[in-house]
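All values derive from a computational prediction rather than experimental measurement. Each ligand, and each atom within it, is numbered from 1 in the order the structure gives.
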Amino acid sequence: NDLSALLATWKPTNMSRRQSTRKIYSPEEVRTAITNGELVNYYQPKVELSSGKVVGVESLVRWKHPQDGIVFPDQFIGVAEQYGLIDDLTRAVVNGAFAQCKTWQDYGLHLLVAVNLSMDNLTQLEFAGYLLATAASAGVPPERIVFEVTESRLMNQVSTTLEILTRLRLNRFGLSIDDFGTGHSSLIQLRDIPFNELKVDKGFVHGIAGNATLRAIFSSSMSLARQLNMKTVAEGVEDQADWDFLRKTSCMLAQGYFIAKPMPADEIPIWISTWEDKAKY
Ligand code: C2E
Ligand code: CA
Ligand code: CA
Ligand code: CA
């Protein structure tokens, strides 16, 4: 298979990374953050490449630390996963994201809201029921929610994981395979799990205009998604060149710093109005 062969030889380059002093937080600190309500969801817009229309947002958790300021998820998600705190963390994120989706809906802003799930959330069947019940009590139709699951962590999954994801999809939640291309298990997973969206990892997106390998991987991913009837998203769109190139491909949606950075929920409506006023289209 073409795509598997391309991915096998692929060596990722460094993306522009924020320079942060990496502090490792203890499980006690993370637990306190969850129970004290210090976690907040930021939202990053997802726009349609053909029209510029804002179709949805991805929820990205931030920790408003009383001393350290805004802490990014790579400094506490791993700790939460390792110390059995990820279910409580995800529940906090889900409650916030569903409530926010409902608030926007009541304003007439019909956005798809994507929520990242950890593989460690997908070990007990009740989790699917929990998500359905939470959506129902929040007054949000499942069609409005997309769950993103990272490809690299989907390998060798037990049947429970597959069953939860299948249940979610049968109940009309969206399912997105995140960081596509990073797991090198792409094709097997796509056959077994009813994903309806493929999100190409940012490592294959930024710099695409000037890199033949990236273009080859990207276009193979697009044709795979088309054959499997999946929506397509490019993440990590960082500059005009990325954007101009992607507009000429069959990719449907784009997300990245060039369009907008993740922002607090109340900035989203304002951002949308300025974006739609811009002469980008
Ligand atoms: P991800 O799901 O792949 O999210 C995309 C990450 O790329 C986000 O980092 C986002 O801010 C960043 N990003 C967006 N546009 C660009 C761009 O143009 N260039 C570059 N270089 N980066 C861009 P963030 O918010 O720091 O999140 C990092 C990871 O933490 C996420 O990766 C996701 O795996 C995890 N995460 C975030 N929120 C949650 C959550 O609520 N639950 C769980 N389980 N994981 C989460
Ligand atoms: Ca994601
Ligand atoms: Ca991603
Ligand atoms: Ca990621």
Ignoring hydrogens, just give me the one of [options] whose non-hydrogen atom is nearest [atom].
atom                    : options                     : result
atom 19 (N) of ligand 1 : Glu238, Glu81, Lys261       : Glu238
atom 10 (C) of ligand 1 : Ile86, Leu39, Leu60, Val61  : Leu60
atom 24 (P) of ligand 1 : Ala260, Gly96, Pro73, Ala92 : Pro73

Using a heavy-atom cut-off of under 4.0 Å, does the side chain or the backbone of [X] touch ligand 1, or both, or neither?
X      : value
Ile77  : side chain
Asn116 : both
Glu235 : side chain
His206 : neither

Output for pair (Lys199 NZ, Asp179 CG), nearest 0.5 Å, gives 8.0 Å
I need the atoms of ligand 1 closer than 4.0 Å to a non-hydrogen atom of [X], numbered in the order shown.
X      : answer
Gly256 : 15 (N), 18 (O)
Gln44  : 14 (C), 15 (N)
Lys202 : 5 (C), 6 (C), 7 (O), 20 (C), 21 (N), 22 (N)
Asp179 : 3 (O)
Ser118 : 44 (N)
Arg62  : 11 (O), 24 (P), 25 (O)

Contact check: Asn116 to the Ca ion (ligand 2), N/O/S below 3.0 Å: yes
May I ask you to check if any N/O/S atom from Asp179 comes under 3.0 Å of the Ca ion (ligand 2)? no
Charged tip of Arg91 within 45° of Tyr130 ring normal and under 6.0 Å: yes
Polar atom proximity, Pro262 to ligand 1 (N or O, under 3.5 Å): no
Test your reading of the structure: does Asp178 have an N or O sitting under 3.5 Å from an N or O of ligand 1? yes
Is the distance from the Ca ion (ligand 3) to some N, O or S atom of Asp178 under 3.0 Å? yes
Strictly under 3.0 Å, is any N, O or S atom of Glu235 next to the Ca ion (ligand 3)? yes
Tyr43-Trp104 aromatic ring centre distance below 6.0 Å: yes
Using ring centroids (six-membered ring only for Trp), state whether Phe76 and Tyr25 fall under 6.0 Å. no
Contact between ligand 1 and Asp74 is defined here as a heavy atom of the residue under 4.0 Å from a ligand atom; is it met? no
Any Glu58 heavy atom less than 4.0 Å to ligand 1: yes
Starting from the Ca ion (ligand 2), look over the N/O/S atoms of Glu58 and name the nearest one. OE2
Taking atom types as modelled, is there a side-chain donor on [X] or [Y] under 3.5 Å from an acceptor on the other?
X      : Y      : value
Thr90  : Asn121 : yes
Asp120 : Gln82  : no
Ser176 : Glu197 : yes

Do you reckon Leu60 sits in the same ILVMFWY cluster as Ile77, going by side-chain contacts under 4.5 Å, direct or chained? no
Report whether Phe204 and Val237 are members of the same hydrophobic cluster (ILVMFWY, side-chain heavy atoms less than 4.5 Å apart, transitive linking). yes
For Ile164 against Ala128, the heavy-atom pair lying closest together: CG2-CB, 4.1 Å
On the 0 to 90° scale, with breaks at 30° and 60°, tag the His65-Trp63 ring pair as parallel, tilted or perpendicular. tilted
